[in-house]
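Below you'll find the structure, written out as structure tokens, and then a few comments.
The basis for the numbers below is simple: all heavy atoms, side chains too, and nothing from hydrogens, waters or symmetry mates. Below, chains carry the letters A, B, ... as their sequence lines are ordered, and counting in each starts from 1.
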Amino acid sequence: HLYAKILKPYLEDDRIPIVTYDAKLLYVFLGREKVNIKGMKWDVMLGCYLLNPSRNDLSLKSLIYDYLHEVVPEEEEKQAFSLVQGLYLLAQEMIKLLEKDELMPLYLNIEISVAKVLAAMELQGVRLDKAQLKAMGKELEARIEVLTDKIYILAEEEFNINSPKQLGVILFEKLGLPPVKKTKTGYSTNAEVLEFLADKHEIVQEILNYRQLVKLKSTYVDGLMNLINPKTKKVHTSFNQTITATGRLSSTEPNLQNIPIRLEEGRKIRKAFIPSKEGYILLTADYSQIELRVLAHMAEDQVLINAFKEGQDIHVRTAAEVFKVPMEEVTKEMRYHAKAINFGIVYGISDFGLAKDLGISRKEAKEHIENYFTRYAGVKNWIDNTIQEARNKGYVTTLLGRRRYINDILSKNYNLRSFAERTAINTPIQGSAADIIKIAMLRVYNKLVENKYKTRMILQVHDELVFEAPPNECSKIISMVKETMESAYPLDVPLKVDMQVGFNWYDLESIKG
DNA sequence: ACGATCACGTA
DNA sequence: GACGTACGTGATCGCG
């Protein structure tokens with residue numbers, strides 16, 4: 001495009017600061033035109049996101065209304081001028097507010113630079129093996145067909161198995177199964193309910209199997225295939241930098257941050273994710289227990305800090321503390337329970353939630369939590385302080401000063417208040433982990449560019465980065481990525497990164513080191 | 001056509 | 001007296 005060509009010398013002059021709305025979009029557009037824009041500095045969407053990451057409408061019109069108290073006219077002729085003028089004035093207002101809230105370092109050092117990295121990742125894309133997906137689709141189709149017939153026979157009629165409403169009628173009215181749980185609109189038929197009913201009628205397990213396969217085929221096999229760009233033979237996700245309230249990224253069209261891994265059936269989808277060039281390999285690098293390490297650091301909990309410093313299995317250690325036994329005597333069962341407790345802490349635990357998760361009584365769950373807080377007294381203290389801080393200031397912050405307002409923290413409604421308290425606990429933990437991986441992404445990206453490596457960063461999945469690399473760069477990249485990620489933001493505990501390598505995202509081999 | 005709801009995939 | 005956090009997508013269904 002002509003505009004890109006004409007503007008190229010100005011855009012590539014870094015002495016000219018540029019005000020934008022959605023810098024990443026512009027990076028992607030200009031990247032396609034081979035323009036390496038330099039002066040991108042004030043992005044109103046990104047800045048206003050930092051001012052209030054819970055805000056759901058970040059449209060320019062809405063920002064102009066809220067920050068400048070101006071109404072953008074409806075008429076198209078007047079609108080363009082109003083929006084551009086608004087953008088310029090908004091940038092000045094935003095700068096003032098970022099300064100006031102001490103968000104400028106986060107904005108300048110991290111977020112505005114991350115936008116460029118994300119654009120590069122989106123442009124790079126991820127290669128998918130279409131034949132692999134087609135084969136999986138065929139197989140799933142056949143198995144779904146068999147299950148469908150079996151379900152119709154067991155139900156003694158044909159119905160739409162995909163409709164929770166129709167399924168509810170079959171299960172709870174025709175077959176007389178006990179309705180365990182209700183939704184707003186009728187019977188609940190979710191996996192938890194069906195698992196409870198599984199031994200009461202043969203049809204139930206088949207429904208569960210059916211659901212699993214249909215999910216894989218529709219969302220992953222067909223869904224991914226439809227989004228392959230025929231020109232590049234790749235999928236080019238959008239990484240959204242201004243969606244989550246905690247500072248994490250999100251991914252859409254396709255969402256590449258929820259590709260199955262837990263169940264073997266689903267995990268096979270990952271076989272289709274391959275490097276974009278012959279002979280290249282995939283490299284994954286994931287932070288081990290980053291959220292619990294962040295918690296240990298922020299809470300300054302000496303027990304938790306020592307556990308990580310000594311490289312202990314953190315779930316075994318928590319089991320030892322909660323069940324009051326030596327680490328050598330921790331059973332699998334105890335470790336499993338401790339793992340749920342560790343997860344629960346990060347989410348702002350409740351005895352009810354833990355009891356449900358572990359299938360134990362609420363009383364037992366309560367005792368576990370009390371034991372946890374007795375042994376990890378620093379964590380207990382941090383939680384109390386953080387909730388108090390939320391009450392006093394109205395917001396909580398991450399390690400890098402990212403801010404989230406906690407509106408209902410003083411609510412008289414128990415449910416709203418409890419939810420707010422859990423949010424106040426989870427946000428600094430999840431958000432600080434997000435801060436850290438963003439720093440790591442920037443540094444890794446810069447090193448790839450500086451050293452003119454052919455290796456490319458292609459995905460971020462919250463605590464994991466995925467790269468594709470030519471074989472001759474492999475060993476250098478492995479040590480560079482690991483080192484860079486582990487030193488991205490020094491804490492009172494070590495950050496540990498596990499690395500894997502393989503020819504696709506399924507068959508990965510751990511790298512020792 | 002679109003939004004709400006349910007269900008379910010990830011960290 | 002109901003409940004652990006953060007997301008995105010697909011199918012259905014009822015609305016317009």
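Using a 4.0 Å heavy-atom distance criterion, A:R362 is classed as a base contact. Within the 4.0 angstrom heavy-atom criterion, only backbone atoms of the sugar-phosphate kind lie near A:N190; the bases stay farther away. Note on A:I243: only backbone sugar-phosphate atoms sit closer than 4.0 angstrom, heavy atoms only; bases stay farther off. Within the nucleic acid shown, A:A245 comes within 4.0 Å of sugar-phosphate atoms alone, with no base atom in reach, counting heavy atoms only. Contacts of A:V461 with the nucleic acid, taken as non-hydrogen atoms under 4.0 Å apart, involve only primed sugar atoms and P, OP1 or OP2. A:A365 comes within 4.0 angstrom of no nucleic acid atom, judged by non-hydrogen atoms across all strands. Within the 4.0 angstrom heavy-atom criterion, no nucleotide atom of any strand lies near A:E464. A:A434 comes within contact range of no nucleotide atom at all, as no heavy-atom separation falls under 4.0 Å. Residue A:F419 is classed as a sugar-phosphate contact, given heavy-atom separations below 4.0 Å to backbone atoms only. Residue A:S350 is classed as a base contact, given a heavy-atom separation below 4.0 Å to a base. Using a 4.0 Å heavy-atom distance criterion, A:E291 is classed as making no nucleic acid contact. Using a 4.0 Å heavy-atom distance criterion, A:I259 is classed as a sugar-phosphate-only contact. Note on A:I261: only backbone sugar-phosphate atoms sit closer than 4.0 angstrom, heavy atoms only; bases stay farther off.
In C:dG8 the O4'-C1'-N dihedral to the base is more than 90° from 0, which defines an anti nucleotide.
For the pair A:T183 and B:dC6, the criterion of a side-chain N or O lying under 4.0 Å from OP1 or OP2 is met. At the phosphate of C:dG4, OP1 or OP2 sits under 4.0 Å from a side-chain N or O atom of A:K356. Considering only side-chain N and O atoms, A:K165 lies under 4.0 angstrom from the phosphate OP1 or OP2 of C:dG14. Distances shown here put every side-chain N or O of A:T185 at or beyond 4.0 Å from the OP1 or OP2 atom of B:dA4. Taking only side-chain nitrogens and oxygens, A:Q257 never comes nearer than 4.0 Å to OP1 or OP2 of C:dA6. The phosphate of C:dC7 (OP1 or OP2) has no side-chain N or O of A:R248 nearer than 4.0 angstrom. Remark: A:T189 is not in phosphate contact with B:dC6, judged by side-chain N or O atoms under 4.0 Å from OP1 or OP2. Contact between the side-chain N/O atoms of A:N160 and the OP1/OP2 oxygens of C:dT12 is found at a separation under 4.0 Å. For the pair A:T427 and C:dT5, the criterion of a side-chain N or O lying under 4.0 Å from OP1 or OP2 is not met.
Between A:F323 and A:H368, the distance from one ring center to the other falls under 6.0 angstrom.
Ring planes of A:F343 and A:H315: parallel class, angle under 30° (limits at 30 and 60°).
With hydrogens and angles ignored, no donor-acceptor pair under 3.5 angstrom links the side chain of A:R211 to the base of B:dA7. For A:K215 against B:dC8, a side-chain N or O and a base N or O form a donor-acceptor pair under 3.5 Å. On a pure distance criterion of 3.5 Å, a polar donor-acceptor pair joins the side chain of A:N258 and the base of B:dG9. The base of C:dC7 does not come close enough to the side chain of A:S250 for any donor and acceptor atom to sit less than 3.5 Å apart.
Nucleotides B:dC6 and C:dG4 are separated by 15 Å at their P atoms, to the nearest Å. Taking atom P in both C:dC3 and B:dA7, the straight-line distance is 14 Å, to the nearest Å. Spacing of C1' atoms, C:dA11 relative to B:dA1, comes out at 16 Å, to the nearest Å.
Residue-environment remark: CD (A:E74) stays at or below the threshold of 12 foreign heavy atoms within 6.0 Å.
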Dot-bracket notation for DNA chain C, counting Watson-Crick and G-U pairs under 3.5 Å, with | for partners on another strand: ....||||||||||..

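Going from atom CZ of A:R443 over to atom OG1 of A:T484 covers 8.5 Å, rounded to the nearest 0.5 Å.
Counting all heavy atoms, side chain and backbone alike, A:N426 lies closest to A:T246 at OD1-CG2, 4.5 Å. Here the shortest heavy-atom pairing between A:D301 and A:A377 reads OD2-N, 3.5 Å. In terms of heavy-atom proximity, A:L508 sits nearest to A:N504 at CD2-O, 3.3 Å.
Nucleotide C:dG10 holds its C1' atom 12 Å from the OH atom of A:Y210, rounded to whole Å. Taking atom CD of residue A:Q166 and atom C1' of nucleotide C:dA11, one finds them 12 Å apart after rounding to whole Å. In this structure, CD1 of A:I369 is placed 13 Å from P of C:dG4, rounded to the nearest angstrom. In this structure, A:E192 places its CD atom 14 Å from C1' of B:dC6, rounding to the nearest Å. Between the CG atom of A:D408 and the P atom of C:dC3 there is a distance of 16 Å, given to the nearest Å. Atom OH in A:Y347 sits roughly 10 Å away from atom C1' in B:dT10 (whole-Å rounding).
Residue-to-nucleotide proximity on DNA chain C shows that, of A:V214 and A:I349, the 5′-proximal contact is made by A:I349.
Looking at A:E139 and A:K268, no side-chain N of the basic residue comes within less than 4.0 Å of a carboxylate O on the acidic one, giving no salt bridge. Residues A:E370 and A:K380 are not paired through a salt bridge, judged by the lack of any N-O separation under 4.0 Å between the basic side chain and the carboxylate.
With A:Y287 as the partner, the side-chain contact (heavy atoms from CB on, under 4.5 Å) test is satisfied by one option alone out of A:M485, A:H462, A:E486: A:M485.
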